[in-house]
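Since the structure is predicted, the reported quantities are computational estimates derived from the model, not experimental observations. Atom set for the values below is all heavy atoms of this structure, side chains included, hydrogens, waters and symmetry mates excluded. Both counts, for ligands and for their atoms, begin at 1 and track the order of listing.
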Amino acid sequence: MNVYDSARMQDVLAPLGYAPTERAEDADMVILNTCHIRENASEKVFSELGRLRPLKQARPGMIFAVAGCVAQAEGPEIVARAPFVDIVMGPQTYHRLPEMVARAARAAGAVIETEFPAESKFDHLPDSAAPAISAFLTIQEGCDKFCSFCVVPYTRGAEASRPMAAVLAEARQLVAGGAREIVLLGQNVNAWHGDAGGLGRLVRELAEIPDLLRIRYTTSHPRDMDDDLIAAHRDVPALVPFLHLPVQSGSDRVLAAMNRGHTADHYRRLVDRLRAARRDLALSTDIIAGHPGETEADHQATLALIRDIGFAQAFSFKYSPRPGTPAAAARQIAEVEKDRRLAEIQGLLRDQQHVFNRACAGKMVKVLFTGPGRHPGQVAGRSPWLQPVHMTGPASLIGTETTVRIAEGHPNSLAAEPLPQTEELACA
Ligand code: 5AD
Ligand code: SF4
């Protein structure tokens with residue numbers, strides 16, 4: 001979502017004459033778009049500011065902005081720790097950037113905008129200049145779930161859905177600009193709802209857009225996976241057979257302590273229903289190791305759930321106490337213990353990912369090519385299951401969905417070779 005927000009900041013700033021540059025040294029303005037989800041993400045902001053400070057000393061006219069959830073959570077604290085910062089803006093305010101830039105040029109102190117404005121930023125953003133072949137589209141923001149460990153409900157605010165008409169208009173504009181895949185984004189994307197239904201309905205509407213080849217959505221909550229959305233996985237071929245569905249833990253005790261509102265078996269049954277709807281569906285998840293109160297038995301229950309489901313990919317994290325969240329006030333698990341549990345979880349998930357990738361070898365798979373590969377003469381793209389794929393092939397493949405043969409499944413990617421057949425087989 002921060003990648004999407006950063007791209008939209010670029011769109012807002014383009015009319016003022018700003019264009020992106022690779023090196024901070026060349027910039028007239030530096031915006032750090034930040035994440036507050038875990039402590040090391042937050043701390044990175046301050047170390048990055050320290051690293052960039054000499055640039056501002058050499059060129060005092062340069063504008064420094066901190067955006068995103070660290071800005072939202074810390075507000076004036078940022079300026080207290082780094083007085084050379086000119087703008088601090090929460091994730092709901094960046095449509096006001098031109099005005100903030102003008103004020104920063106005039107003002108003696110920093111411009112701080114961290115309230116949740118009454119107007120929606122989406123109504124004030126210009127069209128995206130150059131959409132990617134796989135383009136992000138934010139349809140929902142905020143979260144009302146209040147998981148014990150998570151800062152998102154505090155930094156991103158209450159759940160809010162963009163209207164269906166606005167989403168469809170932006171999607172059509174992205175496709176007209178060259179996008180062939182749209183990744184629908186939201187902190188709780190499957191909590192999206194419009195007047196006429198939920199995410200399943202929206203997916204069906206999007207699938208009507210000519211030239212839109214693939215639809216994905218991330219990130220979802222097991223509690224918001226309704227019947228219609230499961231049916232959309234069965235009925236809509238453009239909806240990819242891949243789902244990121246965070247489970248966080250395999251222990252009912254920990255899931256209750258986390259305030260997740262479901263059990264491990266609820267998750268297992270949900271996955272069964274999804275796989276029944278779409279035979280080749282592969283799953284990804286998020287797991288937290290060492291939430292307060294987690295025992296060795298709870299940890300073993302998480303490993304058991306991972307083994308039962310068999311994930312194609314996953315993200316796992318050591319529990320990180322976040323200020324103001326209920327779990328931060330509870331008795332903490334020792335760091336070494338969290339490290340050990342995380343290493344076990346990651347070892348198992350890594351093996352599962354490699355097994356899944358190796359199972360693709362020899363199969364025919366549709367790849368959406370999105371750009372050049374790392375080596376000259378190569379093109380790169382993604383399988384329907386989100387695996388990065390690289391292949392020797394002409395640049396004319398970029399922007400197409402082409403059936404190729406998978407030569408080899410590596411731990412994190414697939415190597416492919418061209419094959420002009422159309423027959424298709426599934427990895428999962
Ligand atoms: N500590 C560790 N991981 C966290 N996540 C959210 N908050 C924390 C935290 N305090 C993880 C969850 C979530 C993902 C985006 O980040 O697994 O699904
Ligand atoms: Fe955070 Fe997701 Fe829980 Fe919301 S549902 S509180 S975003 S982990």
Practice problem: Give the numbers and elements of all ligand 2 atoms closer than 4.0 Å to a heavy atom of Phe149. | Solution: 8 (S)

Exercise. State yes or no: are the ring centers of His221 and Phe146 separated by less than 6.0 Å?
Key: no

Practice problem: Starting from atom 1 (Fe) of ligand 2, locate the nearest protein heavy atom and write down its residue, its atom name and how far away it is, to 0.1 Å. | Solution: Cys150 SG, 2.3 Å

Quiz item: Are any of the side-chain nitrogens in Arg156 or Asp5 under 4.0 Å away from the carboxylate oxygens of its partner?
Solution: yes

Quiz item: Is atom 3 (Fe) of ligand 2 less than 2.8 Å from at least one N/O/S atom of Cys147?
Solution: yes

Practice problem: Report the member of Arg260, Glu159, Arg322 with the shortest heavy-atom distance to atom 2 (Fe) of ligand 2. | Solution: Arg260

Quiz item: atom 4 (Fe) of ligand 2 to Cys143: any N/O/S contact under 2.8 Å?
Solution: yes

Exercise. Output yes when the distance from some N or O of ligand 1 to some N or O of Arg322 is under 3.5 Å, and no in every other case.
Key: no

Quiz prompt | Sub-4.0 Å heavy-atom contact, Glu39 with ligand 1 | solution = no

Quiz prompt | Region of Phe149 engaging ligand 1 - heavy atom pairs below 4.0 Å | solution = both

Self-check item: Identity and distance of the protein heavy atom lying nearest atom 1 (N) of ligand 1
Solution: Ser320 N, 2.9 Å

Quiz prompt | Residue pair His36 / Pro91, side-chain heavy-atom distance below 4.5 Å | solution = no

Practice problem: Just do the salt bridge (charged side-chain N to carboxylate O under 4.0 Å, His left out) check on Glu181 and Arg216 with the steps written out, would you? | Solution: CA-CA 8 Å; Glu181 172 176 271; Arg216 300 182 185 279; 3.1 Å; yes

Quiz item: Does a side chain donor of either Gln248 or His291 reach within less than 3.5 Å of an acceptor in the other side chain?
Solution: no

Quiz prompt | Proximal ligand 1 atoms for Asp286, defined as those under 4.0 Å from one of its heavy atoms | solution = 13 (C), 14 (C), 15 (C), 17 (O), 18 (O)

Practice problem: Count the heavy atoms belonging to other residues, nucleotides or ligands that lie under 6.0 Å from NE2 of His266, then report whether that count exceeds 12. | Solution: yes

Exercise. Give yes or no for whether the N/O distance cutoff of 3.5 Å, strictly under, is met between Ile287 and ligand 1.
Key: no

Quiz prompt | Numbering as shown, the atoms of ligand 2 that approach His221 to under 4.0 Å (heavy-atom distance) | solution = 5 (S)

Practice problem: May I ask you to check whether Gln346 and Ser316 show a side-chain donor-acceptor distance below 3.5 Å? | Solution: yes

Quiz item: How about Asp123: does its CG atom have over 12 heavy atoms from other parts shown lying under 6.0 Å from it?
Solution: yes

Practice problem: Take Glu344 and Arg340 through the test salt bridge (charged side-chain N to carboxylate O under 4.0 Å, His left out) and record every step on the way to the result. | Solution: CA-CA 6 Å; Glu344 278 181 26; Arg340 180 188 64 80; 2.8 Å; yes

Quiz item: Between Asn188 and ligand 2, which residue portion shows a heavy-atom distance shorter than 4.0 Å: side chain, backbone, both, or neither?
Solution: side chain

Self-check item: Closest approach of any protein heavy atom to atom 6 (C) of ligand 1, naming residue and atom
Solution: Ile37 CG1, 3.4 Å

Self-check item: Side chain, backbone, both or neither: Pro153 near ligand 2, heavy atoms under 4.0 Å
Solution: side chain

Practice problem: Considering only non-hydrogen protein atoms, determine which one is nearest to atom 16 (O) of ligand 1 and report residue, atom name and distance to 0.1 Å. | Solution: Arg38 NH1, 2.9 Å

Practice problem: Report, as yes or no, whether the 6.0 Å neighbourhood of atom CD on Glu335 holds more than 12 heavy atoms from other residues, nucleotides or ligands. | Solution: yes

Practice problem: Hey, can you tell me if Phe84 and Phe64 have their rings parallel, tilted or perpendicular (30° and 60° cut-offs)? | Solution: perpendicular

Exercise. Identify which of Lys318, Gln248, His291 has a heavy atom lying nearest to atom 17 (O) of ligand 1.
Key: Gln248

Quiz item: What part of Ile288, side chain, backbone, both or neither, has a heavy atom within less than 4.0 angstrom of ligand 1?
Solution: side chain

